[in-house]
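The structure under discussion appears below in the form of structure tokens.
Numbered from 1 within each chain, the chains take letters A, B, ... in sequence-line order. Quick note: numbers below take in every heavy atom, side chains included, and nothing from hydrogens, waters or symmetry partners.
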Amino acid sequence: IRGKVLAVAIEGKPFLTGGLHPDIPCCFTYKMTEISKAYEPQDVEEKWYQSWLEADCFKADTQSTKPAFSIVIPPPNVTGVLHLGHVLNNTMQDILCRLARMKGCEALWIPGTDHAGIATQTVVERQLRKEKKLRRRDIGREKFLEHVWEWKQKHGDIIIKQLKKLGCSCDWSRERFTMDEDYSRTVIQTFVDLYKEGLIYRGKRMVNWCPASLTALSDEEVIMKPQKGLLYFFKVEVAEEPGTFLTIATTRPETIPGDTAIAVNPKDPRYAHLIGKHALRPLPKELPAEQRKIPIVGDEHIDLEFGTGVLKVTPAHDKADFEIGQRHKLEVLEIMNPDGTLNEVAGADLAGMERFEARKRAVELLGELGAFVKEEPHENNVGFSERADVPIEPRLSEQWFLKYPKVKKSLDAVRDGDIKIHPERWEKVYGHWMENIQDWCISRQLWWGHRIPAWYRKDGSGEIYVGSEAPADADNWEQDSDVLDTWFSSWLWPFATMDEETKKKFYPTSVLSTGFDILFFWVARMIMAGYRFTGEKPFSHVIIHNLIRDAQGRKLSKSLGNSPDPLDLMARFGADGVRFGLMRIAPQGQDLRYDEKQIEEGRNFANKLWNAARFRQMQGPSNPQPDLSKHTLPMDSITVVAQFDSMYARLRKAYEEYRFSEAANVLYDFFWGDYCDWFLEASKPDMQGEDSAKRAAILETMDYVLSGFLRLLHPFMPHLTEELWERLGFHAPTHSEKHANFLMYAALPAEQSLPHLSDAEITDAVETTRELYEAAKAARNLRSEYKIASNKAVRFLLRPKPIWKTCDPAVFAALIKAETIECIEEAPSGTPSVVTQIGDLFLPLEGIVDLEAERQRLTGEILKVEAEILKAEAKLGSQTFVQNAPPAVVAEHRQRLENWITKRESLKNNLETLG
RNA sequence: GGGCGGUUAGCUCAGUGGUAGAGCGGCUCGUUUACACCGAGUUGGUCGGGGGUUCGAAUCCCUCAUCGCCCACCA
């Protein structure tokens with residue numbers, strides 16, 4: 001189209017009227033689409049995710065010559081559905097990956113899921129019981145596992161689909177599952193290697209037994225909870241001294257039949273003389289006294305202060321007692337079945353009873369025997385099974401254990417900064433755990449998992465075979481029925497997910513992002529596995545984020561019903577809105593309180609950006625690759641670009657420290673405040689103005705800032721920015737020729753936007769603009785004082801200072817909604833005024849002004865200013881300050897004082913003219 | 001019992017030595033052609049208490065209080 005464009009209409013409705021001057025010939029072709037006023041994310045997000053997938057944007061190339069950046073996803077449970085914690089964690093990872101691509105790295109993000117032994121098995125068992133009234137033992141191992149696999153096929157990719165909705169740029173072609181064939185082979189081989197090295201051994205030890213899941217658990221899977229219970233006191237007779245009784249305090253009277261000693265501290269004067277004698281255990285009562293006779297031993301570990309200072313020792317059912325038993329070679333008497341019921345050893349009265357029932361019964365029995373003394377309320381810590389949420393039972397059983405490899409190396413790696421944990425304080429926690437590390441019980445009495453590659457000879461010879469394949473004469477052997485702890489597979493995750501080629505390019509990985517709750521379960525173990533099996537660290541940086549809590553500070557949980565569904569949030573606010581909203585409040589090192597308001601803010605910001613882009617689009621086509629050096633930039637443009645640069649600098653710093661909320665806030669504040677509230681508002685008059693060069697310069701500025709901002713924001717809000725990038729038609733140097741059209745591969749903007757201007761020119765513009773904007777605020781304040789409607793244009797008078805000469809009156813007028821600004825030399829009498837750095841502003845409102853009120857307002861101002869002056873004078877009057885403070889600080893105070901004094905003079909002057 | 005972290009506006013939190021900040025909420029005004037998922041203005045704080053270092057402390061040190069978390073075999 002060549003000619004004069006007066007207006008543009010779409011379907012008969014005027015669309016582009018205000019933006020073009022009728023006398024300016026235009027030459028452009030412009031594909032116009034009507035843009036809706038509010039951003040509607042759903043279609044946009046779906047569309048772009050598909051486009052990225054179709055163009056293979058997430059696929060990492062092992063042959064690439066670009067520097068590598070890699071992350072492995074903390075594999076969510078295959079049973080899982082997305083919760084807010086996943087959203088937080090995976091958004092962070094996505095941001096880092098997308099940023100890396102824009103920095104010119106070859107980024108790989110490996111996704112996958114974890115088979116989650118107990119969790120998955122429990123879910124499937126429950127379903128089986130509900131739907132088919134079957135228990136797993138009814139159908140046998142093989143059939144049961146078929147059910148689990150079936151279930152996994154059906155539900156296993158739910159969480160993966162949800163991650164896609166969130167916009168995660170994982171390389172889905174490399175999705176892994178901890179029970180994949182390759183992966184399983186690695187797990188088994190690992191076991192075999194460690195066994196051969198002597199680090200894995202089998203032994204009968206005290207383990208944490210879960211009577212509900214019927215399996216052993218690692219120490220990490222046990223959660224200590226304070227419980228209100230009772231401390232029971234009962235007495236036992238000393239066998240050698242009939243009539244002498246010892247009173248014992250215990251929380252677990254039901255284990256009395258399992259007691260094989262009484263222990264006292266040898267330093268305890270009350271009891272020391274009894275050491276070596278015997279006591280008569282009251283239960284089971286049917287046993288003859290001779291069989292109830294147990295030794296009284298002396299042990300340093302007995303606390304003289306607690307209870308009566310006499311401890312009953314139950315080596316089979318208490319960890320500490322077991323150790324005392326070891327020290328004194330005590331008999332180990334098991335009185336409990338795996339499911340937590342008492343067995344016949346406990347005696348006829350208790351046999352078959354559930355453990356808590358048995359406790360009550362035992363107390364009754366003691367009473368009947370006259371051995372019961374008293375009970376007291378007592379609070380103690382009881383270990384609960386993390387999964388089943390029932391008290392665990394310390395139990396002696398035959399299990400497989402791992403002596404951790406490379407402990408020292410792993411400790412040093414973090415201590416020496418080879419692996420950095422963010423925030424740093426977690427390094428201490430890590431160090432503490434590593435220093436007190438205990439052998440890891442790795443066998444689980446479950447079916448769902450990697451079966452332990454150990455075979456026992458059927459002939460009872462006790463011969464054990466451990467290997468990655470079954471022994472040749474398999475018929476003579478029986479495989480161990482247990483499986484490995486899930487974490488025994490996940491600790492290999494960073495490298496077991498990679499083939500040789502991938503490892504060469506992408507291992508060690510760059511960053512690992514996870515919650516602090518699995519620092520020991522997973523992170524520490526991965527480090528040790530990394531050093532042991534690859535000879536290298538598995539990752540260089542660990543980002544630890546904290547828990548999301550609700551507005552009341554409670555943990556988010558299904559049972560409390562306070563756990564919002566991220567899919568619902570994404571449907572209502574858009575994935576980008578959820579991502580951004582959450583990132584803005586995701587500080588490190590502290591739990592974050594979630595409130596839907598914050599997600600709403602994310603959505604609002606998306607809408608703000610959408611409309612700012614829409615505003616630009618209405619002014620005509622944008623320059624795909626804006627170039628500021630071709631224009632004479634007005635002051636406001638220089639300022640906003642300088643603000644963009646300093647925002648970008650702060651953003652880089654925030655990224656360096658992995659401070660995502662800082663990064664999000666920096667982006668938010670610049671765009672909403674500097675760009676929209678000030679720059680866009682200031683530039684509006686020039687959009688309709690006569691000066692085409694100026695208009696072009698401003699449009700170029702908008703293009704420059706938008707193009708840069710979209711790139712910087714992209715990692716946080718990938719869909720929306722990609723959409724606007726296309727709509728505005730921007731181009732930038734790309735890091736992938738194949739994906740040149742995608743914002744997601746665009747190079748980041750230059751760090752210096754105005755290299756053609758001198759520092760002085762920039763500082764000058766920024767300073768002047770700041771004064772002008774400050775003055776605008778003061779003027780708006782004055783309008784508001786006099787209740788002038790914000791849409792009403794009024795006349796202002798200005799007694800200018802020299803700086804006014806460099807300001808654009810039209811801009812100022814627009815900012816303060818002035819009909820005219822008339823420059824004057826003398827303060828007019830009887831007129832409300834405000835004192836600013838660009839001059840004294842007067843608001844002539846004849847007849848409306850309450851002079852007395854205005855006088856009071858000005859007097860109040862003067863008082864405030866005088867207080868400031870006094871403060872400043874006191875400061876500068878202090879010799880110690882002037883002598884000791886840095887000269888720059890002193891100069892700053894001097895300048896401040898001068899400004900206050902000038903202001904006071906002006907105010908006084910204006911007050912006088914009121915009459 | 002050991003360790004770590006928090007305590008700043010009504011709420012959620014920034015702010016690591018130089019004039020106490022943001023968002024939300026509250027209140028007032030406004031539908032002006034980017035945006036009511038909006039704009040303008042305004043109201044909120046002796047920075048948990050006490051002591052110390054310093055010319056100067058929300059910021060560094062000590063101490064107390066309080067809340068939260070992690071670790072630990074007082075039965």
Listed by chain and number, what are the side chain to side chain donor-acceptor pair (under 3.5 Å) partners of A/E681, not counting sequence neighbours?
A/K684
Which nucleotide wins on minimum distance to the side chain of A/F520, given the candidates B/A40, B/C71, B/A34?
B/C71
Taking CD from A/E868 and P from B/A20, how many angstroms apart are they, rounded to a whole number?
9 Å
With a non-hydrogen cut-off below 4.0 angstrom, is A/P886 in contact with a base, only sugar-phosphate, or nothing?
base
Go through B/U42, B/C37, B/A75 for me and flag the one nearest to the A/A38 side chain.
B/C37
Pick base, sugar-phosphate or nothing for A/K871, based on heavy-atom distances below 4.0 Å to the nucleic acid.
nothing
Look at A/N604 and B/C38 and indicate whether a side-chain polar atom (N or O) is within less than 4.0 Å of OP1 or OP2.
yes
Whole angstroms only, please: what is the CG-C1' distance between A/N436 and B/C70?
13 Å
Touch check for A/N381, heavy atoms < 4.0 angstrom, all strands: base, sugar-phosphate only, or nothing?
base
B/U42 phosphate, OP1 or OP2, under 4.0 Å from A/N781 side-chain N/O
yes
Of the listed B/A40, B/C55, B/C35, the closest approach to the A/R614 side chain comes from B/C35
Presence of salt bridge, A/E254 and A/R252, under 4.0 angstrom:
yes
Bracket string, RNA chain B, 5' to 3' - pairs by Watson-Crick or G-U geometry under 3.5 Å, | interstrand
((((((((.[[[[.)..(..]]]].(((((.......))))).....[[[[[..)....]]]]])))))))....
With a 6.0 Å cut-off on ring centres, are A/F671 and A/F709 close enough?
yes
Would A/D686 and A/R695 pass as an ion pair if we require N to O under 4.0 Å?
no
Counting side-chain heavy atoms from CB outward, which of B/U19, B/G18, B/C69 is closest to A/F516?
B/C69
Within this structure, what is the CD-to-P distance between A/E40 and B/C37, rounded to whole angstrom?
13 Å
The nucleotide from B/A34, B/U42, B/A75 with an atom nearest the side chain of A/N380 is B/A75
Classify the nucleic acid contact of A/K817 as base, sugar-phosphate or nothing, counting any heavy atom under 4.0 Å across all strands shown.
base
Which nucleotide sits closest to the side chain of A/R425: B/A40, B/G5, B/G30?
B/G5
So does A/K428 get a side-chain nitrogen or oxygen closer than 4.0 Å to the phosphate oxygens (OP1/OP2) of B/C70?
no
Distance check: side-chain N/O of A/N791 vs OP1/OP2 of B/U31, anything under 4.0 Å?
yes
When the distance from NZ of A/K787 to C1' of B/A40 is rounded to whole Å, what number comes out?
13 Å
Report the C-alpha separation of A/T836 and A/K903 in whole Å, then their side-chain angles, then the decisive distance to 0.1 Å, and conclude whether the side chain to side chain donor-acceptor pair (under 3.5 Å) test is met.
CA-CA 8 Å; A/T836 78; A/K903 185 161 185 184; over 6 Å; no
Between A/K608 and B/C35, does any side-chain N or O lie under 4.0 Å from OP1 or OP2?
no
Between B/G21 (P) and A/R650 (CZ): distance, integer Å:
16 Å
Does A/R659 make a side-chain N or O approach to OP1 or OP2 of B/G15 shorter than 4.0 Å?
yes
Would you indicate, yes or no, if B/C37 has its OP1 or OP2 atom less than 4.0 angstrom from a side-chain nitrogen or oxygen of A/R603?
no
Taking only N and O in the side chain of A/W672, is any of them less than 4.0 Å away from OP1 or OP2 of B/A22?
no
